[in-house]
Asker: 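First the structure, which I've put down as structure tokens, then a few questions once you've had a look.
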There are 2 protein chains.
Amino acid sequence: MKTKQNTLYVGSLAKGLRLLRAFDESHREMSLSELAARTGLDKSATQRLANTLHIEGMLDKDPGTRRFRPSHAWLEMAYAYYWSDPLVGQAMPKLINLSQELGETVNLAELSGDHIIYVSRLPCKRTYFAATVIGRRLPALSTSAGRAMLATLPEDEWRAAVDHWPIKPFTPSTTLDRDTIRASVEAAVHDGYAISKGQMILNEMAVATPILGPDGRACAAVQCSVSGHTWDRDRIAAEILPKLQDTANAISPSFLSPRGG
Amino acid sequence: MKTKQNTLYVGSLAKGLRLLRAFDESHREMSLSELAARTGLDKSATQRLANTLHIEGMLDKDPGTRRFRPSHAWLEMAYAYYWSDPLVGQAMPKLINLSQELGETVNLAELSGDHIIYVSRLPCKRTYFAATVIGRRLPALSTSAGRAMLATLPEDEWRAAVDHWPIKPFTPSTTLDRDTIRASVEAAVHDGYAISKGQMILNEMAVATPILGPDGRACAAVQCSVSGHTWDRDRIAAEILPKLQDTANAISPSFLSPRGG
DNA sequence: CATTAGGTATCATTATATAATATCTAACGC
DNA sequence: GCGTTAGATATTATATAATGATACCTAATG
């Protein structure tokens, strides 16, 4: 913690947050030692911080195993987030309508650095658990929503993003070649929407249209996931796209400002 | 902070959490002074803590207005929670099926102290925003899910709860009389499910069945919300209840342990 | 242009977090 | 049944790092 030598920086708070962030899909509950190992904090610090988080109701502790895990308070944070993001309230009723009309899974995604994050999900078909969970972050370049949003940015910006933003393989068919991704974004610039196949789940197809902010830059995207076994690009463009675009346009409100740090 | 004189308690971390918890449905973004006023912390402390939270990515700061609001990290916390709660993964596919079969809004609720908390929500009909947001906490006694869960506890426990747990009015028809609530829980003990009307939203009806843990105590409930204009108790019992109970039973896994502090 | 409310920066002081160590607990092997 | 060990919990002297008062900006407002 020698790097953050700033009197406006409270190290203990930052360390506490590190404990919270240590939990993810592959670290669902942890013992004191595991927490210490994973955060890089020493045993004593971990003990004090975890204890504080427990007393304050942020971590549940199994009395038997003494292992810690996220408490209900973590869901309450999502609750507060939803009220703070003006886009969600605007979008929710329209997304519900859309999912009912299509009978297919509909998602709302926002740009979060070089990733997209799923803000709202309305699953209609049985699917992988990971595809139903809000708060999931994925590399923007590997998603239809990310490409659709990028396509609304000035050309130099999106080209820089295609060149530098992270990519990683999720399925054998995840596109790792940046030229292919560039072509996909180019198409999205031209068409106003993006379609992808098998990027996150084998044989899953996704189509996304941007929700434009007042400056013409996308602040979010409406996305629809369907099975590649029963759908192809043409049918998606014919049957899903029109309603998807109507929904995205209906959400785009001129008074909304993009989120920023 | 003189009360928590415990060497295993890190005051700065606890104060930071107070800032986070200051945000809710009626405090969606706050200035430094508002945060200080609302948390009771002095200006300097608020400044340092808010700054730390901002640097660590937990609070977004509008460059123009200098106001703070929850960041995407708050959604990532929900993401981690979902993976940590074994019930959710178990329930999700079954809840999706149920909502598709019924064509009505389906929720998964857990007991959280004397409140219930909505863990998963699958809205099918346009409704109030508050009725679509996960992480919402409501007094257990005022909800069908809470009553259905209470009814699975030993008699002395649920009677004590009916006598002492908090109630507050949400609509003109919210039940404030504990005798009426007691009768409702008694019915749920007998029937194995609970139906309520107009507790949270005028003319909204809800039906809930408990998900039983290995000890016979409910750890959660599956709940369905419908409009009181088109549904009545008999039709709910005839058309919704059977599928609701099947779903709840299919979720109840003997190996799951209830969450606890 | 003066006023002021609110945000930002500084700094001496000591309260408060630290990390090393010791103690307790329960699971495991022999 | 006993010894061993890994892990959780408690204690304490020490100095770091948080504190809060104050002063300085900045940008609205009349």
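Protein chains get the first letters and strands the later ones, always in sequence-line order, with residue 1 at the start of each.
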Asker: Going from OG1 on A:Thr174 to CG on A:Leu141, what distance comes out if it is rounded to the nearest 0.5 angstrom?
Answerer: 12.5 Å
Asker: Closest to the B:Arg48 side chain: D:dA18, C:dT8, C:dA19?
Answerer: D:dA18
Asker: For A:Lys15 and C:dT18, is the shortest distance between a side-chain N/O and OP1 or OP2 below 4.0 Å?
Answerer: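 Looking at the OP1 and OP2 atoms of C:dT18, one of them is under 4.0 Å from a side-chain N or O of A:Lys15.
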Asker: Between CD1 of B:Ile117 and CZ of B:Arg137, what distance do you get to the nearest 0.5 Å?
Answerer: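 One finds 6.0 Å between CD1 of B:Ile117 and CZ of B:Arg137.
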Asker: Per the end-axis method with five pairs at each terminus, what is the bend angle of the helix from C:dC1-D:dG30 to C:dC30-D:dG1, to 10°?
Answerer: 50°
Asker: How close or far is atom P of D:dA17 from atom CG of A:Leu49, stated in whole angstroms?
Answerer: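 It works out to 14 Å between those atoms.
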Asker: Considering just the side-chain nitrogens and oxygens of B:Ser31, establish if one lies under 4.0 Å of OP1 or OP2 belonging to C:dG7.
Answerer: yes
Asker: With a 3.5 Å cut-off and heavy atoms only, can you find an N or O donor on one side and an acceptor on the other between the side chain of A:Arg67 and the base of D:dG7?
Answerer: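 Per atom types, no contact qualifies.
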Asker: Does a nitrogen or oxygen in the side chain of A:Lys43 sit under 4.0 Å from OP1 or OP2 of D:dA10?
Answerer: no
Asker: Between A:Ser12 and D:dA17, does any side-chain N or O lie under 4.0 Å from OP1 or OP2?
Answerer: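 No, A:Ser12 has no side-chain N/O under 4.0 Å of OP1/OP2 on D:dA17.
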Asker: B:His72 vs A:Tyr81 aromatic rings, parallel, tilted or perpendicular, using cut-offs 30° and 60°?
Answerer: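 Ring orientation of B:His72 relative to A:Tyr81: tilted.
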Asker: When you match A:Gly64 and A:Ser44 each to their closest nucleotide on DNA chain C, which lands nearer the 5' end?
Answerer: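 Result of the comparison: A:Ser44.
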Asker: At under 4.0 Å, does any side-chain N or O of B:Arg66 touch on OP1 or OP2 of C:dG6?
Answerer: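 Answer no for this pair, as no side-chain N or O of B:Arg66 is under 4.0 Å from OP1 or OP2.
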Asker: When you check the phosphate oxygens OP1 and OP2 of C:dA5, does a side-chain N or O of B:Ser33 lie under 4.0 Å from one of them?
Answerer: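 False: B:Ser33 side-chain N/O out of range (4.0 Å or more) of C:dA5 OP1/OP2.
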Asker: Measure the CD1-OG1 distance between A:Ile251 and A:Thr209 for me, rounded to the nearest 0.5 Å.
Answerer: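 OG1 of A:Thr209 is found 8.0 Å from CD1 of A:Ile251.
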Asker: Looking at B:Val119 and B:Ile134, what are the two nearest heavy atoms and their distance?
Answerer: O-CG2, 3.8 Å
Asker: What is the distance, to the nearest angstrom, from the CD atom on A:Glu34 to the P atom on D:dA6?
Answerer: 16 Å
Asker: Look up atom CZ in A:Arg136 and atom OG1 in A:Thr143, then write down how far apart they are to the nearest 0.5 Å.
Answerer: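 Atom-to-atom, A:Arg136:CZ and A:Thr143:OG1 are 11.0 Å apart.
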Asker: In whole angstroms, how far is the P atom of C:dA17 from the CG atom of A:Leu41?
Answerer: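 Taking atom P of C:dA17 as the reference, CG of A:Leu41 is at 15 Å.
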Asker: Between D:dA18, D:dG20, C:dA9, which nucleotide gets closest to the side-chain atoms of A:Val10?
Answerer: D:dA18
Asker: Would you kindly give the CG-to-C1' distance between A:Leu13 and D:dA18, to the nearest whole Å?
Answerer: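 After rounding, the reported distance stands at 12 Å.
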Asker: Between C1' on C:dA9 and CG on B:Leu32, what's the gap in Å once rounded to a whole number?
Answerer: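 Roughly 13 Å, once rounded to whole Å.
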Asker: Between B:Trp158 (side chain) and B:Thr152 (backbone), is there a donor-acceptor pair under 3.5 Å?
Answerer: no
Asker: Going by an N to O cut-off under 4.0 Å, is there a salt bridge joining B:Arg38 and B:Asp24?
Answerer: yes
Asker: Take atom CZ of A:Arg18 and atom P of C:dA17, then tell me their distance rounded to the nearest Å.
Answerer: 17 Å
Asker: Starting at CG of A:Leu8 and ending at C1' of D:dT22, how long is that distance when rounded to a whole Å?
Answerer: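 It is 14 Å, rounded to the nearest whole Å.
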Asker: Nearest whole Å is fine: how far is C:dC24 P from A:Gln47 CD?
Answerer: 15 Å
Asker: List, with names and distances, any nitrogen or oxygen atoms from the protein found under 3.5 Å away from nitrogen or oxygen atoms belonging to nucleotides 11-14 of chain C.
Answerer:
none

Asker: Identify whether the distance between the nearest side-chain nitrogen and carboxylate oxygen of B:Glu34 and B:Arg67 falls below 4.0 Å.
Answerer: yes
Asker: A:Glu56 pairs by salt bridge (charged side-chain N to carboxylate O under 4.0 Å, His left out) with which of B:Lys15, B:Arg21, B:Arg18?
Answerer: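 Single salt bridge (charged side-chain N to carboxylate O under 4.0 Å, His left out) partner of A:Glu56 among B:Lys15, B:Arg21, B:Arg18: B:Arg21.
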